[in-house]
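Written below as structure tokens is the structure these notes are about.
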Amino acid sequence: MDAVDVAIVGGGAVGAACARAAAARGLQVAVFEPGPDPAAASPASAGLLAAQIEPTDDALLALSVRARDLYEPLAPALAETTGIDIGFWRAGIASFAFDDAAVDRLKEGAGRQRQAGLRCDWLEGDEVWERWPGAAPDCRGALFAPEDGAVDPQALTRACLADARRLGAALRVEQVATIETVNGRASGVVTRAGKTPAAHVVLAAGVWAPQIAGLPRPLPVEPVRGQMAATAWPAGTPAAVFYHDRGYVLSRGGDALLGSTMEHAGFECRVTNEGLAQIFRGAVRLLPALLNQAVQRMWAGLRPVTPDGRPIVGPDPDVERLWYAAGHGRSGILLAALTGEIIADLVTKGETDVDISALRVDRLKPQAMNSHKP
Ligand SMILES: Cc1cc2nc3c(=O)[nH]c(=O)nc-3n(C[C@H](O)[C@H](O)[C@H](O)COP(=O)(O)OP(=O)(O)OC[C@H]3O[C@@H](n4cnc5c(N)ncnc54)[C@H](O)[C@@H]3O)c2cc1C
């Protein structure tokens, strides 16, 4: 096989974004993607850009906000070069409080975010009902992050892959069995069709990343199942994204997407009555008008989750030119575009202006890895 500059293992949202960013820097890229696997995370995702909403890990907040803001220029750029609309929507996410503890936590969170220079509001209950009539009638208020939003994850992946190909990247419909290294340096990938020599290898294989042979260390990435369902969005309610600690609902193209569960069920990717019950209970509490809507479809996917919930992005400390773009957990769509930029900068310049010290692979010690095996 012809040698490439960069072999990317996995063509989900993260691999696709890495491919696009690397190809945009003039590198010869090959993306290896046999599927997508029916259990893959990206096609199943809700696509929330919930940088200021998801439980805040201070190490991730600045990174997440920067990642979210990248979609503002990326969405029109991809529309222009590929004709694909990635559904970028930025009218804010409201996180509702239903008890005193949540009021305290969210108010404090909103204050902390404002101190950090971010736009973030606390809405009292009557402000919530005025803005979104019919929403969460028993809520006690909401944190509102006006710059958060959503993208359509399937369109995002498709658009990044299409743009990467336009820029010269090859899409290889093959499963990588082994990452090869020679003298402490990544040298290529092996599939059933043979070896493709590569100057750099990027591992972006979602929950399957740890299974690839030739890795210099065990990767503590585990599948956490998320179930979702779709109904029609109730007429008369303005398009919105509502969130609370037991679920969320977002409008996309006339549908209401209801999510999601966090289940340790190994690689079993299926929809269950229990999961659906949890999703529907959570969503109906946020928007009771959903009760009368017909269920249209339901699905599940496996999030690649690390023990501390942060992704693994950056170099392997022992094997040169092996780069990780893995373990993005609940936020892989939010972080995909930024991950692509980081990896492309590392590959071309050996450095990135993003602080990725909290994302290093060797922060995860072997004991922690073993204790989290399924
Ligand atoms: C229900 C649900 C809701 C979610 N909601 C959100 C959200 O609102 N916002 C957000 O930011 N994130 C969300 N996420 C998380 C997000 O979807 C993931 O973090 C992200 O999609 C991970 O992308 P990935 O490319 O790493 O993995 P994947 O999308 O799983 O892609 C990995 C790819 O690697 C391929 N592959 C596997 N093995 C090999 C191999 N040996 N060789 C080559 N290719 C291989 C697979 O076929 C697959 O296509 C959600 C996830 C789920 C499941």
Side-chain angles (χ1 to χ4, degrees), residues 7-19 30-51 53-54 60 64 67-68 71 93 148-154 156-157 160-161 171-179 189-192 201-215 221 223-229 241 243 247-250 252 257-263 267 269 271 275 279 298-306 309-313 324-340:
I8 295 175
V9 186
V14 173
C18 291
V31 185
F32 291 82
E33 170 54 70
D37 190 285
S42 302
S45 174
L48 297 182
L49 302 178
I53 296 291
E54 288 273 313
L60 281 190
S64 299
R68 176 197 66 196
Y71 286 101
I93 301 183
D148 275 358
V151 291
D152 175 338
Q154 298 193 12
L156 172 68
T157 309
C160 285
L161 285 177
L171 180 57
R172 302 267 296 268
V173 187
E174 294 167 51
Q175 180 173 346
V176 170
T178 306
I179 293 175
V189 297
V190 181
T191 72
R192 285 168 98 171
V201 175
V202 177
L203 183 59
V207 291
W208 300 276
Q211 298 172 4
I212 292 166
L215 289 174
V221 174
V224 174
R225 182 170 70 197
Q227 302 186 39
M228 300 277 303
V241 183
Y243 186 101
Y248 53 80
V249 54
L250 69 142
R252 173 168 300 138
L257 303 191
L258 283 45
S260 179
T261 56
M262 287 284 286
E263 302 163 89
F267 282 83
C269 188
V271 176
I279 292 170
M298 52 202 84
W299 65 93
L302 301 179
R303 304 178 186 87
V305 176
T306 62
R310 297 181 198 153
I312 304 168
V313 179
Y324 296 102
H328 284 68
R330 287 176 69 91
S331 309
I333 301 302
L334 168 67
L335 297 174
L338 184 63
T339 300

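Read the numbers this way: they start at 1 and go in the same order the structure lists the ligands and their atoms.
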task: Evaluate the ring planes of Phe267 and Trp208, with Trp represented by its six-membered ring, and classify them as parallel (under 30°), tilted (30 to 60°) or perpendicular (over 60°).
output: tilted
field: Atom pair OG1/CD1 of Thr339 and Ile312 - distance to nearest 0.5 Å
entry: 11.5 Å
Top protein contact for atom 8 (O) of ligand 1, by heavy-atom distance: Leu48 N, 2.7 Å
task: Answer with side chain, backbone, both or neither: which part of Ile212 has a heavy atom less than 4.0 angstrom from an atom of ligand 1?
output: side chain
Element-labelled atoms of ligand 1 that are located less than 4.0 Å from some non-hydrogen atom of Gly10: 34 (O), 35 (C), 43 (C), 44 (N)
Audit row: Thr261, Ile279, side chain to side chain contact (heavy atoms under 4.5 Å, CB included) steps and yes/no: CA-CA 7 Å; Thr261 56; Ile279 292 170; 4.3 Å; yes
statement: Here the atoms of ligand 1 under 4.0 Å from any heavy atom belonging to His328 are 19 (O)
Any Arg303 side-chain heavy atom under 4.5 Å of Val207 side chain: no
message: Just to be sure I'm reading this right: ignoring hydrogens, which of Ala41, Ser331, Gly206 gets closest to atom 30 (O) of ligand 1? Compare them by their nearest heavy atoms.
response: Ala41
message: If the cut-off is 4.0 Å to any non-hydrogen atom of Ala13, which atoms of ligand 1 fall inside it?
response: 25 (O)
- request: With heavy atoms of Val9 as the reference, note each atom of ligand 1 found under 4.0 Å away.
  value: 42 (N), 43 (C)
- prompt: For atom 42 (N) of ligand 1, what's the nearest protein heavy atom and its distance?
  reply: Val176 N, 2.9 Å
message: So Ile212 and Leu203, do their side chains get closer than 4.5 Å, heavy atoms only?
response: yes
- prompt: Heavy atoms only: which of Arg68, Met228, Arg330, Glu33 is nearest to atom 12 (N) of ligand 1?
  reply: Arg330
message: Under 4.0 Å from a heavy atom of Gly301: which atoms of ligand 1 are those, numbered in the order shown and with their elements?
response: 53 (C)
query: CG of Leu250 to CG of Leu257: how many Å apart, nearest 0.5 Å?
result: 4.5 Å
task: Start with the C-alpha gap between Arg68 and Asp148, add the side-chain angles, then the distance that decides, and say whether side chain to side chain contact (heavy atoms under 4.5 Å, CB included) holds.
output: CA-CA 7 Å; Arg68 176 197 66 196; Asp148 275 358; 2.6 Å; yes
- prompt: What residue and atom, counting heavy atoms only, is the protein's closest point to atom 51 (C) of ligand 1, and at what distance?
  reply: Arg303 CG, 3.5 Å
field: Geometric N/O contact Gly47 with ligand 1, under 3.5 angstrom
entry: yes
query: Any side-chain heavy-atom pair from Leu215 and Ile179 closer than 4.5 angstrom?
result: yes
- prompt: Hey, does Val201 have a side-chain heavy atom less than 4.5 Å from the side chain of Val9?
  reply: yes
query: Is there a side chain to side chain contact (heavy atoms under 4.5 Å, CB included) between Glu33 and Leu171 once you walk through the steps?
result: CA-CA 7 Å; Glu33 170 54 70; Leu171 180 57; 4.2 Å; yes
- prompt: So, is Asp37 polar-close to ligand 1, with some N/O to N/O distance under 3.5 Å?
  reply: yes
Rounded distance [0.5 Å steps], CG in Leu49 versus CD1 in Ile333: 9.0 Å
- prompt: Is there any N or O on Gly226 that sits under 3.5 Å from an N or O of ligand 1?
  reply: no
- prompt: Who gets closest to atom 2 (C) of ligand 1 by heavy atom: Gly35, Ser45, Ala177, Ala204?
  reply: Ser45
Taking atom 24 (P) of ligand 1 as the reference point, the nearest protein heavy atom with its distance: Val14 CG2, 3.8 Å
query: Is Leu334 close to ligand 1, meaning an N/O of one under 3.5 Å from an N/O of the other?
result: yes
message: Would you compute the distance between atom OG of Ser45 and atom CE of Met228 and round it to the nearest 0.5 angstrom?
response: 7.0 Å
statement: atom 15 (C) of ligand 1: closest protein heavy atom, distance to 0.1 Å, is Gly329 O, 3.0 Å
- prompt: Rounded to the nearest 0.5 Å, how far does OG of Ser260 lie from CG of Leu48?
  reply: 9.5 Å
field: Backbone or side-chain N or O of Leu302 under 3.5 Å from ligand 1 N or O
entry: no
message: If you apply the rule side chain to side chain contact (heavy atoms under 4.5 Å, CB included), what do you find for Ile53 with Tyr248, and how did you get there?
response: CA-CA 11 Å; Ile53 296 291; Tyr248 53 80; over 6 Å; no
Part of Tyr248 within contact of ligand 1 (heavy atoms, under 4.0 Å): side chain
message: So for ligand 1, is Pro304 a polar contact partner (N or O within less than 3.5 Å, distance only)?
response: no
field: Ala205, Ala46, Ser42, Gly12: member with heavy atom nearest to atom 29 (O) of ligand 1
entry: Ser42
query: So how far is it from Arg252 CZ to Asp152 CG, rounded to the nearest 0.5 Å?
result: 5.0 Å
- prompt: Is Ser260 touching ligand 1 with its side chain, its backbone, both, or neither, if touching means heavy atoms under 4.0 Å apart?
  reply: side chain
- prompt: Using 4.0 Å as the upper bound for N to carboxylate O, is an ion pair formed by Glu54 and Arg330?
  reply: yes
- prompt: Which of the atoms in ligand 1, numbered in the order shown and given with their element, are less than 4.0 Å from a heavy-atom of Pro36?
  reply: 47 (O), 49 (O)
field: N or O pair under 3.5 Å between Ala44 and ligand 1
entry: no
- prompt: Side chains of Glu174 and Pro34: closer than 4.5 Å at any heavy-atom pair?
  reply: no
message: If I apply the N/O under 3.5 Å rule, does Gly332 come out as touching ligand 1?
response: yes
- request: Identify the protein heavy atom lying closest to atom 43 (C) of ligand 1, giving its residue, its atom name and the separation to 0.1 Å.
  value: Phe32 O, 3.2 Å
task: Consider every N or O of Pro34 and every N or O of ligand 1, then say whether any pair is closer than 3.5 Å.
output: no
query: atom 38 (N) of ligand 1: which protein heavy atom is closest, and how many Å away?
result: Trp208 CB, 3.5 Å
